[in-house]
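Notes for the one structure printed next.
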Protein chains: 2
Amino acid sequence: MEKGPLGRRRGRGARERILSASQQLFRDQGINRTGMDQLCAVAQVSKRTAYQHFTSKDELVAEYLRRFDPDVMPGVFDRTDLTPRERLLAAFEIPASTPLCPYIAAAVELHDPQHPASQYARDYKTAIAARLTETAREAGATNPEQLGEQLALLIDGASARTRVLNSESFPTAAAIAAVLIDNAIPASSPRQPSDDRGTTGSAPVPVGAQ
Amino acid sequence: MEKGPLGRRRGRGARERILSASQQLFRDQGINRTGMDQLCAVAQVSKRTAYQHFTSKDELVAEYLRRFDPDVMPGVFDRTDLTPRERLLAAFEIPASTPLCPYIAAAVELHDPQHPASQYARDYKTAIAARLTETAREAGATNPEQLGEQLALLIDGASARTRVLNSESFPTAAAIAAVLIDNAIPASSPRQPSDDRGTTGSAPVPVGAQ
DNA sequence: ACCGTTCGGTACAGATCGGTCTACATAGCT
DNA sequence: AGCTATGTAGACCGATCTGTACCGAACGGT
């Protein structure tokens, strides 16, 4: 994008432009409703080049999902300025503009558990749950695996519900999370144990997706 | 095929066959991956007849979603043999074969909040939450609206997660529900307040969908 | 400055989609 | 039986999708 308008930007970064356009279009329109023609036009890439980098649209979709990992994972969990408990709650402070977890959307749209993209979706969900479990362990939960899985379920529920209804469901999920966390941590937490509500008062967390 | 006693008109249940085939195919293959040709073949209906009953596929999809209401709503909530608390927990005993809440699937596949089917999806989700709220009130919850909304979110989360991962997530949701219910009911519930786990021991609830 | 490589633009092929229309079969009424 | 209305079977149309082929233009090494 450094080359100006009407950019005769030569091949370098074609792959990145394709993936960037995929993120935008798949998010805004869905996977099935985005054709390769439109995608190539947005990416300013010829179809020839597109099919040189990705042998098929399925492969592009798979790579599109795989690429989300590095973007999303470090969002909340690396914030050392927060206690583990605050980090767990911060995972629910998702901006309302965030559409729907792309992994859920892809799993529904592709409708094929054998699709390579579906495998990446499972990997991502598992990784998120593992991160939550790890943080739950830091927070002193008696059963970190259980708490991590529970919080992951809450995130997905809020994401799906936000999509179907228009109302924001993450505050509801955060309230549930607060109850679960307080019930799961025996007596002494690293900080005050009674926060009652999900909002920790810190700045919105710049998490890329849920 | 039987010549049903459906009345003087020759409406030999073509409309019902179409809707029945829709339920099966949309569930097994998804909406976008099911063509009208295949649908008519399964329903044993000519395309002419199909487009006589439904002016477009969009209208068929909307009616397919609208038809779920009477099938699903009475599943759990009308079981007078259970206490309100048991009814709330029974809502999480969903057979593993149940694929994905068709309303979530439709909202993702259609990808258009203005689609009439999306409106039915919102209506259904609102109705389910209302039923849960009503039952929560019977159970003596201090804030029935909040508990109903929370339980609805858990159901959707388990449904979405079951779809993306293969693992069954409803037991996890049921465990959360048990915690929330116990926290939401002040002191005296109509039955013993400590059931510990989500399984009430009753027979699996024949709920059609989540 | 030449030449090979690569990319953009685009026409095209093959398949499939939603939706329409015609030709033929059948059931009910009189 | 004959008439009429409705249903079936399926060809057909235009649009759209994925993926391929071709051609000219713009770079890079020498």
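Chain A is the first sequence line, chain B the second, and so forth, proteins listed ahead of strands; every chain is numbered from 1.
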Inset, instruction - Verify, without hydrogens or angle tests, whether A:K57 (side chain) and A:I31 (backbone) share a donor-acceptor contact under 3.5 angstrom. - result: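 Indeed, once roles are kept as given, a pair shorter than 3.5 Å links the two residues.
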
Please, which pairs that meet ring pair (Phe, Tyr, Trp, His ring centres under 6.0 Å) have at least one residue in [range], sequence neighbours excluded?
| range | value |
| --- | --- |
| residues 15-48 of chain B | B:F26-B:Y64 |
| residues 125-150 of chain B | none |
| residues 141-163 of chain B | none |

Inset, instruction - Take A:R67 and A:E16, measure what side-chain contact (heavy atoms from CB on, under 4.5 Å) needs, and give me the verdict at the end. - result: CA-CA 11 Å; A:R67 275 299 186 89; A:E16 293 307 314; 3.2 Å; yes

In whole angstrom, give the distance that lies between atom [atom1] of [X] and atom [atom2] of [N].
| X | N | atom1 | atom2 | value |
| --- | --- | --- | --- | --- |
| B:Q38 | C:dC17 | CD | P | 8 Å |
| B:L25 | C:dC17 | CG | P | 12 Å |
| B:F54 | C:dG18 | CZ | P | 15 Å |
| B:Q52 | D:dG7 | CD | C1' | 8 Å |
| B:L60 | C:dC17 | CG | C1' | 15 Å |

Legend entry - Summary of protein contacts for nucleotides 12-19 of chain D, nucleotide by nucleotide, where a base hit scores B, a sugar-phosphate-only hit scores S (4.0 Å, heavy atoms): ------BB

Inset, instruction - Would you indicate, yes or no, if C:dG8 has its OP1 or OP2 atom less than 4.0 angstrom from a side-chain nitrogen or oxygen of A:T49? - result: yes

Legend entry - OP1 or OP2 of C:dC7 under 4.0 Å from side-chain N/O of A:R17: no

Legend entry - side chain to side chain donor-acceptor pair (under 3.5 Å) partners for B:R122, two or more places apart: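 For B:R122, the residues satisfying side chain to side chain donor-acceptor pair (under 3.5 Å) (neighbours in sequence not counted) are B:Q119.
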
Below 3.5 Å between N/O atoms, which protein atoms pair up with nucleotides 22-25 of chain C? Just atom names and distances, please.
none

Legend entry - Pair A:T172, A:S169: side-chain N/O donor-acceptor within cut-off below 3.5 Å: no

Legend entry - A:V164 and B:V108: CA distance, side-chain angles, deciding distance, side-chain contact (heavy atoms from CB on, under 4.5 Å) verdict: CA-CA 8 Å; A:V164 177; B:V108 174; over 6 Å; no

